[in-house]
Each structure stands twice: as C-alpha cells, then as structure tokens.
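Here the structure is a predicted model, which is why all the values come from computation and not from measurement. Just so it is clear: chains get the letters A, B, ... in the order the sequence lines come, proteins before strands, and each one is counted from 1.
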Protein chains: 2
Amino acid sequence: MDLTTQELRNCSIAATLSLVGEKWTILILRDVFHGIRRFDDFLERLQCSPAVLSARLKTLTEAGILRKVSYREPGERERFEYRPTRAAVELLPVVIGLMQWGDRHLAASGQGPVTLLTAQQGRRVRAALVDDADQLVRPNDIEICHASQRPAPAAEGEFPHAPATQA
Amino acid sequence: MDLTTQELRNCSIAATLSLVGEKWTILILRDVFHGIRRFDDFLERLQCSPAVLSARLKTLTEAGILRKVSYREPGERERFEYRPTRAAVELLPVVIGLMQWGDRHLAASGQGPVTLLTAQQGRRVRAALVDDADQLVRPNDIEICHASQRPAPAAEGEFPHAPATQA
DNA sequence: CAGTATCCCATATGATACTG
DNA sequence: CAGTATCATATGGGATACTG
C-alpha cells in the first residue's frame, strides 16, 4: 500500500496493510476461503483485470499468505493453484470482522448473505476479542501498552476511550 | 473504495471495505483508539494531507463510525472533536486482527511495539473466532452457509479449505 | 485551530490483446 | 487455462496556500 518506513516499523497495523490493504486483496482472500484456487475462477468472481489479479496473487504469495502449487490431473497438462497458508488463516479474524461489521451496519436486515457456522454444533461464528485464557474481553477493559515505555498511567491507558453516549 | 453495486449487495466484506478500505482510514481508527480526537493531532500522527484527512473523517462520520462533537473549554472558542461510536468499537477485531498478524509475521521479534492488556488482570488481548456460546472456534470447524441456498453439501462446506501442509 | 480549495502527479485500475 | 503486455483513464494522494 506504500507507507513510510517509519509507519511500517512503528506500527504492525500499517505494516500489515501494506500487504493486504490494496483494493482487491481482501476480496481475493475472501474467495480463497470460499475454496477458489485457480486464476480464472478468481477472475470470474472478482471482475478485476488479470493484470491486477496477477500482481495481487504475487504479493500474497511472496508474503507467504498464499502458496502456489503445481498439480497435474491424469491426462491433463500441468496446472497451478493458489492455496491459503496458515498465515492466511490467521487473517480470518480480520476478514470475518469486516463481514460481521457489514452484516450489522450495512445490510438492511442486519444480517448478510453469508453465515458462518461451526461444523460440529452449528453455532454462529464471529470475530471477537479474547484474553490469553480464551475469555471474552470487553473493549472497555483493554489498555494499550507501548513496548518502549513504562506501562501507561491510568488516565492515558483508558481504551478505547469509550463512547460516552451512543451515536 | 468504489466497488460495483453487485459486490456491495452480495458481500458484506466488500461493503465494509467501501467505507474503511481506503488508504488512511484504518490508521485514523487506530489513532482514535489511541485517544486522538482533534484534527491537527490526527494530522501530525498520520502525515497525510489535510484534504485527505478531512475527506476520511467525513466518510467515517457519515458512516456513523465517528461522531463529531462540539465542545468549548472555558474562555476558549468552540472546538470540535471526533469520537468513536459503538460502531467504531465493533471494528476492533479487524484493527487488532491486523495488528496481531503484523506482530506475528512482520515484526522481527515476533511481537510489535504495542501490546494490549486487560485492565483487570493484565492478560494479553487478541482477536479470535468464537461461537455464540463464546467458545473458541478452530478455523477448520467453520462452514460457510449462503443465505439464499440450502445448507452447503459437505464437500462444498469445507472451510477454510485448510492448508494441508504448511508453507 | 480546523479545516477547505487548488494544482499536479503517480499509479492503481479497466479494457483489451497476446502468448505458452 | 494461466497468465503477461500494453495503453488509456480515473483518482487517490502529496504539497501548498488560503480562510473563519
């Protein structure tokens, strides 16, 4: 996405956006999670130009988010497919987070065209914040600590500077 | 971000990206969560042009993600600040998800310059996937259901088409 | 301080044609 | 099928000046 070196070093958000912040990138990942693997299938669903798709797949591959795999079906010539790596799966909270925000705030019905369910029990899946004991965390209970400094004083540590009243 | 009407209607990810997918938008939200409220303070931290900042703040405000609040300190003239709404807080899984991905994959040390801790117990906070009983969900246990169709057959429902081997 | 208005440019993108 | 190459365009963004 082209940000300054300063930003990239000082902020992991900016650094990640430099890889996945381009216009079509997240939508490519969405399609990968839907099982899309091949160039033309991406192309058809995304309706972007092949040049753009090619460039994005390259970036994602070089970043280790996708993996280009050669395969050959019996009697066919060699083909390639793009598979998600573990690094891709670790972006799921981002992708699903975007989806559920849109579901809640942009879809007329308050829910979107796609639902995620656990295979085992059929429970709805969502992105959320948890602590290292896997317990749900309320946004108001979070404080920001800068590694280079002492723990922030309470007044500063307030987070996310909660909206006093609702918009 | 300028996507087709088709995309916006069919995909909440695309719809949300049309609001927050622009270059500086997520970084503005990052700063809001750091407690930044005023135009010039954003400007200083972001080092983008005032025109761009103005445009993004407008978009975010119109989307209900920020709220423009007038206030007047004693003896001073009227000022404005931009506060996060609940809708902004609901984007935290996305923002924190981006951060933790960068921490893991782009920071040399495997952890970034900023850490999030629960105020109560000082536990690390992360973005994750949970079910509606607030239990952690493994990515392999998720299946995608399209609202307009019958539940996907097992072969299709596989998700996220897990990486067989690691990259 | 808190923006708006201009000007200009880099470049991401769309459209299309071409190749192994 | 799976891309690369080319070209025109649109526009997001940088720099800067200006205003209430």
Side-chain angles (χ1 to χ4, degrees), chain A residues 1-8 14 17-28 31-32 35-63 66-83, chain B residues 1-8 14 17-28 31-32 35-63 66-83:
Chain A
M1 202 188 227
D2 190 45
L3 294 158
T4 74
T5 309
Q6 271 290 29
E7 292 265 29
L8 299 188
L17 284 176
S18 72
L19 289 179
V20 302
E22 231 98 26
K23 183 174 178 183
W24 294 103
T25 309
I26 293 286
L27 299 180
I28 290 174
D31 286 349
V32 167
I36 305 298
R37 293 288 179 271
R38 287 157 67 159
F39 195 90
D40 271 27
D41 292 332
F42 286 113
L43 207 55
E44 183 183 353
R45 292 175 57 109
L46 291 173
Q47 296 173 343
C48 70
S49 75
V52 170
L53 177 60
S54 179
R56 295 298 159 267
L57 290 175
K58 190 162 298 179
T59 301
L60 288 170
T61 301
E62 287 169 359
L66 297 182
R67 195 164 51 103
K68 191 174 182 176
V69 176
S70 162
Y71 70 99
R72 185 192 301 263
E73 293 180 17
E76 299 283 330
R77 64 176 176 76
E78 184 179 36
R79 297 284 164 74
F80 293 93
E81 59 178 20
Y82 296 88
R83 294 194 198 165
Chain B
M1 204 188 224
D2 191 43
L3 294 159
T4 74
T5 309
Q6 271 291 28
E7 293 265 29
L8 299 188
L17 284 176
S18 72
L19 289 178
V20 303
E22 231 97 25
K23 183 173 178 183
W24 294 103
T25 309
I26 293 286
L27 298 181
I28 290 174
D31 286 349
V32 167
I36 305 300
R37 294 289 179 270
R38 286 156 67 158
F39 194 90
D40 270 27
D41 293 333
F42 286 112
L43 207 55
E44 183 183 355
R45 292 175 55 110
L46 291 173
Q47 296 173 345
C48 70
S49 75
V52 170
L53 176 60
S54 179
R56 295 299 159 267
L57 290 175
K58 189 163 298 180
T59 300
L60 288 169
T61 302
E62 287 169 1
L66 297 182
R67 195 162 51 104
K68 191 172 181 177
V69 175
S70 161
Y71 70 99
R72 185 192 301 264
E73 294 181 16
E76 298 282 330
R77 65 175 175 76
E78 184 178 36
R79 297 284 164 74
F80 293 93
E81 60 178 21
Y82 297 88
R83 294 194 199 166

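If you measure from atom CD of Gln47(B) to atom C1' of dT16(D), you get 16 Å, rounded to the nearest angstrom. Across the protein-nucleic acid pair, Trp24(A) atom CH2 and dT13(C) atom C1' stand 9 Å apart, rounded to whole Å. Between the CD atom of Glu44(B) and the C1' atom of dA2(C) there is a distance of 14 Å, given to the nearest Å. One can place CG of Leu27(A) at 17 Å from P of dA12(C), the figure rounded to the nearest angstrom. One can place CZ of Arg37(B) at 18 Å from C1' of dC1(C), the figure rounded to the nearest angstrom. Between the CZ atom of Phe80(B) and the P atom of dG3(C) there is a distance of 7 Å, rounded to whole Å. The separation between Met1(A) atom CE and dG12(D) atom P is 12 Å, rounded to whole Å. Going from atom CG of Leu53(A) over to atom P of dA12(C) covers 16 Å, rounded to whole Å.
Of the two residues near DNA chain C, Asp2(B) and Leu57(B), the one whose nearest nucleotide lies more 5' is Leu57(B). Where Ser49(B) and Pro50(A) each meet DNA chain D at their nearest nucleotide, the meeting point lying more 5' is that of Pro50(A).
Side chain of Glu22(B), nearest nucleotide from dG3(D), dT13(C), dG13(D): dG13(D). Candidate nucleotides dG14(C), dG3(C), dC1(D) were compared by shortest atom distance to the side chain of Tyr82(B), and dG3(C) ranks first. In the set dA2(D), dT4(D), dC1(C), dT4(D) carries the atom at the smallest distance from any side-chain atom of Lys58(A). Ranking dC1(D), dG14(C), dG3(D) by closeness to the Arg79(A) side chain, first place goes to dC1(D). In this structure, the nucleotide among dG3(D), dC1(C), dT4(D) sitting nearest to the side chain of Ser54(A) is dT4(D). Picking from dA17(C), dA2(C), dT6(C) the nucleotide with the shortest atom distance to the side chain of Ala51(B) gives dT6(C). Closest approach to the Phe39(A) side chain among dG3(D), dG14(C), dG14(D) is made by dG3(D) (side chain taken as heavy atoms from C-beta onward). Ranking dG12(D), dG3(C), dG14(D) by closeness to the Lys68(B) side chain, first place goes to dG3(C).
Base pairing of dG20(D): its partner is dC1(C), meeting the Watson-Crick or G-U wobble criterion (both donor-acceptor distances under 3.5 Å). Base pairing analysis places dC7(D) opposite dG14(C); the two distances defining the Watson-Crick or G-U wobble pair are each below 3.5 Å.
Nearest approach of Ala63(A) to Leu19(A), heavy atoms of both residues: CB-CD1, 3.8 Å. Contact record, Arg56(B) with Ile28(B): CB-CD1, 3.4 Å, taken as the closest heavy-atom pair. Taking all atoms of both residues into account, the shortest heavy-atom contact from Ala14(B) to Glu7(B) is CB-O, 3.9 Å.
Salt bridge status for Glu81(A) with Arg83(A): present, with a side-chain N to carboxylate O gap under 4.0 Å.
Within the structure, a side-chain polar atom (N or O) of Arg56(B) is placed less than 4.0 Å from OP1 or OP2 of dG13(D). Dashed line: the shortest gap from a side-chain N or O of Arg38(B) to OP1 or OP2 of dA2(C) is under 4.0 Å.
With values rounded to the nearest 0.5 angstrom, Asp31(A) atom CG is found 5.0 Å from Leu46(A) atom CG. Here the CG atom belonging to Leu27(A) is positioned 11.5 Å from the CZ atom belonging to Phe42(A), to the nearest 0.5 angstrom.
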